[in-house]
Amino acid sequence: QVQLVESGGGLVQAGGSLRLSCTASGLTFSNYAMGWFRRAPGKEREFAARISSSGSSTYYADSVKGRFTISKDNAKNTVYLQMNSLKPEDTAIYYCAAVWKFLTTTRPQDYSYWGQGTQVTVSS
């Protein structure tokens, strides 16, 4: 019933930009904080960015801080990840996920709902 659908992935040259979108349905979007995670080839899933339910608070992994920006539009049930200055090491499948708004967490196991992911490939 609950669905999170990512879009916006693709292939980009190092130094370029992409904007990912994740649209949610089947849940009250304003009751959830949203996170972006990624899974690179041969590696475990890792946290990238989180945004509070209101959109007023954000948190980033050190690996993406200063380059990525997370935002959300509650009216559109959509969370975004603007990715600038992309590096080859950013290559991964990117997933959006939802967690109850009172839980301040970056742990994947705490998130209740997940999208299927969108592939981001950054060439050298």
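Values below: all heavy atoms of this structure, side chains included; hydrogens, waters and symmetry mates excluded. Positions are given from 1, in the same order as the sequence printed here.
Here Glu44 pairs with Arg39 under the salt bridge (Lys or Arg N to Asp or Glu O under 4.0 Å) rule; sequence neighbours left out. The side-chain contact (heavy atoms from CB on, under 4.5 Å) test applied to Arg67 returns Val64, Ser85, Lys87, Asp90, not counting sequence neighbours. Residues meeting the side chain to side chain donor-acceptor pair (under 3.5 Å) test with Asp73, sequence neighbours left out: none.
Residues Tyr94 and Val99 do not share a hydrophobic cluster, defined by chaining ILVMFWY side chains whose heavy atoms lie under 4.5 Å apart. A single hydrophobic cluster is not seen to contain both Tyr95 and Phe68; linkage of ILVMFWY side chains at heavy-atom distances under 4.5 Å, directly or through other members, places them apart. Ile93 and Leu86 are members of different hydrophobic clusters when ILVMFWY side chains are connected at heavy-atom separations under 4.5 Å.
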I'd like a table of donor-acceptor pairs (distance under 3.5 Å, sequence neighbours excluded) in which one partner is a side-chain atom from residues 46-54, with atom names and distances.
unit_1: Glu46; atom_1: OE2; unit_2: Arg38; atom_2: NE; d: 2.8
unit_1: Glu46; atom_1: OE2; unit_2: Arg38; atom_2: NH2; d: 3.2
unit_1: Arg50; atom_1: NH2; unit_2: Leu103; atom_2: O; d: 3.1
unit_1: Ser52; atom_1: OG; unit_2: Gly55; atom_2: N; d: 3.4
unit_1: Ser52; atom_1: OG; unit_2: Ser56; atom_2: N; d: 3.3
unit_1: Ser52; atom_1: OG; unit_2: Ser57; atom_2: N; d: 3.1
unit_1: Ser54; atom_1: OG; unit_2: Ser56; atom_2: N; d: 3.3
unit_1: Ser54; atom_1: OG; unit_2: Ser56; atom_2: OG; d: 2.8

Run the side-chain donor-acceptor check on residues 8-37: report pairs under 3.5 Å with partners two or more places apart or on a different chain.
unit_1: Ser17; atom_1: OG; unit_2: Asn84; atom_2: OD1; d: 2.9
unit_1: Thr23; atom_1: OG1; unit_2: Thr78; atom_2: OG1; d: 3.2
unit_1: Trp36; atom_1: NE1; unit_2: Tyr80; atom_2: O; d: 3.4

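Closest approach of Glu6 and Gly117 over heavy atoms only: OE1-N, 2.8 Å. Annotation for Val79 and Cys96: closest pair CG1-CB, 4.4 Å, computed over non-hydrogen atoms.
Heavy atoms of other residues, nucleotides or ligands lying less than 6.0 angstrom from CD of Gln1 number 12 at most.
For the side chain to side chain donor-acceptor pair (under 3.5 Å) condition, the pairs that include at least one residue of residues 114-124, sequence neighbours left out, are Gln119-Thr121.
Counting heavy atoms from C-beta on, the side chains of Thr69 and Tyr60 come closer than 4.5 Å.
Between the side chain of Tyr111 and the backbone N or O of Thr105 there is at least one donor-acceptor pair closer than 3.5 Å.
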